[in-house]
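Before any comments, here is the structure.
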Amino acid sequence: MITDGFLFLTVLLLIAAGLGLLEKYSGWRLFTILPGIVLLYFGVMLASSLGLWSQTDSIRATYSAVRNNLLPAMIFLMLLKSDLRAIAHLGPRMLGAFFTAVVTIMLGFVITFALFHRWLEPDSWKTFAALSGSWMGGTGNMAAIQSALDVPDSRMGYTLLMDSIDYAIWVMILLALVPFAAVFNRWTKADSSLLAKAGERLAVQHDDKAVTQLNLLVLLSLSFLVSAVSQQLASLLPTTAFLTTMTWTILLVTLAGVLAAMTRLGKLSGSVELSQIMLLVIIALIASRADFADLAKAPIYVTAGLMILCIHGVLMALVAKIFRLDLFTCGVASLANIGGVASAPILAAAYSKALIPVGVLMAMLGYVVGTAGGLLVGKMLSWLA
């Protein structure tokens, strides 16, 4: 049994690296069904359930130090590619569709939780709030909300189950609807010619420069500095039961990331790679305190997730009818929130490769609004609870 904190962290990194190697070289179909980050969570949770380590003082200290300091650094790096000036080029129609998707997802969470919470644990609103951060941004936003609201690590298994299973179903539905775009557009009376113009107008700044040692060193040191300064400033700000010191830290780091993205720092290569490594470490740390016995109510959570998506889908269709939005705009706006940068461009490409930039930019906007949106959802759900 592992009792040393450094060895504990080493094992988590080895599990993450091992799964990465399997995904790259094994060719197993499992990796096409479940995202690697979900498999990492359940792989580490399995090790925890089998008692591979115990919660000693050394392990608890390592857990807190790495997680609390690495999370703000990761959020800062994650936002460096979210240049609001480029996102503004999407135009009012597509931005309107994106924020409509945000609002309808919020309503889906509020309505579903109001109906389901009587069958769930008293603090289950935190689980839903963490998921809402992911479904308005990405896994990084989910981790930020989990930390800000102090969501028990044991409950994050439900969040990731809903995020993977329900999300996979939603992606399949949206891709299956692509051939029916013309029918949908006739129903909404949408002008689909606007799409071609948008695709021609947009140009995404690809991170195609080589990742250099100097870039990684600059980004790593700067992200740690932002993390440290944000935590110090947050400790000076007033707190409430909801607006904790960690919540302030997350908000300050988000602001710093958005502002830095509009400077030359946003053009440095390597921020995506570094933030993804940090995310893997954070997810592994969260899973290290979970146990399979904690997933007894998984079916009701998955069902609730499907209901959230159904409410979101119906409301988006109604808005599309009222404002004459086309299926592409609605679908990509939805998936930019729920799926993020990994899947929104895929759906965009299913319509036209010229529209891939639209999917990328919408998904990047999700990273900006996901944390604040998830915290707002959490506040509303706490009232209901």
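If you're wondering where the values come from, they're calculated on a predicted model, not measured in any experiment. Residue numbers count from 1 along this sequence.
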4.5 Å side-chain heavy-atom contact, Trp125 and His117: no
Same apolar cluster: Phe76 and Val229, side chain cutoff 4.5 Å: yes
Among Asn141, Asn337, Val368, Leu376, the one residue meeting side chain to side chain contact (heavy atoms under 4.5 Å, CB included) with Met136: Asn337
Rounded distance [0.5 Å steps], CG in Leu375 versus OG in Ser132: 8.0 Å
Within 6.0 Å of NZ in Lys321, more than 12 heavy atoms from elsewhere: yes
Validation row, ring centre Phe128 to ring centre Tyr301 under 6.0 Å: yes
Step-by-step side-chain contact (heavy atoms from CB on, under 4.5 Å) determination, Leu252 to Leu237: CA-CA 11 Å; Leu252 289 171; Leu237 296 172; 4.2 Å; yes
Closest approach of Ala47 to Trp53 (non-hydrogen atoms, all atoms of both residues): CB-CH2, 3.7 Å
Passing candidate, side chain to side chain contact (heavy atoms under 4.5 Å, CB included) with Leu9, options Ile2, Thr62, Asp4: Thr62
His312-Trp170 aromatic ring centre distance below 6.0 Å: yes
Same cluster (ILVMFWY, side-chain, under 4.5 Å), Ile286 and Leu50: yes
Set of residues satisfying salt bridge (Lys or Arg N to Asp or Glu O under 4.0 Å) with respect to Arg60, sequence neighbours excluded: Asp57
Gap between atom CG of Asp326 and atom CZ of Arg93 - 0.5 Å precision: 7.0 Å
Nearest non-hydrogen partners of Gly378 and Ala129, listed with the distance: CA-CB, 3.6 Å
Cluster companions of Leu217 among Ile, Leu, Val, Met, Phe, Trp, Tyr (side-chain spacing under 4.5 Å): none
Step-by-step side-chain contact (heavy atoms from CB on, under 4.5 Å) determination, Val103 to Phe99: CA-CA 6 Å; Val103 172; Phe99 285 105; 5.5 Å; no
Short side-chain to backbone donor-acceptor contact, Thr247 and Ala148, under 3.5 Å: yes
side-chain contact (heavy atoms from CB on, under 4.5 Å) between Tyr63 and Asn68, worked out: CA-CA 8 Å; Tyr63 173 94; Asn68 293 344; over 6 Å; no
Heavy-atom pair with the smallest gap, counting every atom of Leu79 and Ala261: O-CB, 3.4 Å
hydrophobic_cluster_shared for Val302 and Ile308, side chain cutoff 4.5 Å: yes
Leu160 side, atom CG; Ile283 side, atom CD1 - distance, nearest 0.5 Å: 5.5 Å
Contact check, side chains of Tyr351 and Val178, non-hydrogen atoms, under 4.5 Å: yes
Check: Ser124 and Phe116 side chains under 4.5 Å, non-hydrogen atoms: no
Nearest atoms (heavy-atom pairs only) where Thr112 meets Gly108: OG1-O, 2.7 Å
ILVMFWY cluster, Phe6 and Leu12 together (side-chain gap under 4.5 Å): no
Shortest non-hydrogen separation from Met142 to Ser134 and the atoms involved: CB-CB, 3.8 Å
Ser275 (side chain) donor-acceptor with Val272 (main chain) under 3.5 angstrom: yes
Any donor-acceptor N/O pair, Thr159 side chain to Thr127 backbone, under 3.5 Å: yes
Donor on one side chain, acceptor on other, Asn69 and Gln231, under 3.5 Å: yes
Side chain proximity check, Ser334 to Leu174, heavy atoms < 4.5 angstrom: yes
Met262 side chain reached by Leu80 side chain, heavy atoms, under 4.5 Å: no
Side chains of Ser269 and Asn215, donor plus acceptor under 3.5 Å: yes
Under 3.5 Å donor-acceptor, Thr56 side chain and Thr3 backbone: yes
Polar side-chain atom of Ser382 near backbone of Lys379 as donor-acceptor pair, under 3.5 Å: yes
N/O donor-acceptor pair under 3.5 Å between Thr100 side chain and Gly96 backbone: yes
Under 3.5 Å: donor-acceptor pair, side chain of Thr254, backbone of Ile250: yes
Leu236 vs Gln232, side-chain contact (heavy atoms from CB on, under 4.5 Å): CA-CA, chis, key distance, verdict: CA-CA 7 Å; Leu236 303 175; Gln232 291 298 316; over 6 Å; no
Check: Met278 and Leu77 side chains under 4.5 Å, non-hydrogen atoms: yes
Trp28, CH2 atom: more than 12 neighbouring heavy atoms under 6.0 Å: no
Any Leu216 side-chain heavy atom under 4.5 Å of Thr212 side chain: no
Euclidean distance, Leu279 CG relative to Leu71 CG, rounded to 0.5 Å: 9.5 Å
Met316 reachable from Ile322 in the ILVMFWY side-chain graph, under 4.5 Å edges: no
Lys126 side chain reached by Gln146 side chain, heavy atoms, under 4.5 Å: no
Any donor-acceptor pair under 3.5 Å from Ser147 side chain to Ala144 backbone: no
From CD1 (Ile338) to OH (Tyr167), nearest 0.5 Å: 10.0 Å
Tyr158 to Ala298 - nearest heavy-atom pair and separation: CE2-N, 3.4 Å
Interatomic spacing from SG in Cys330 to CG in Leu315 - rounded to 0.5 Å: 11.5 Å
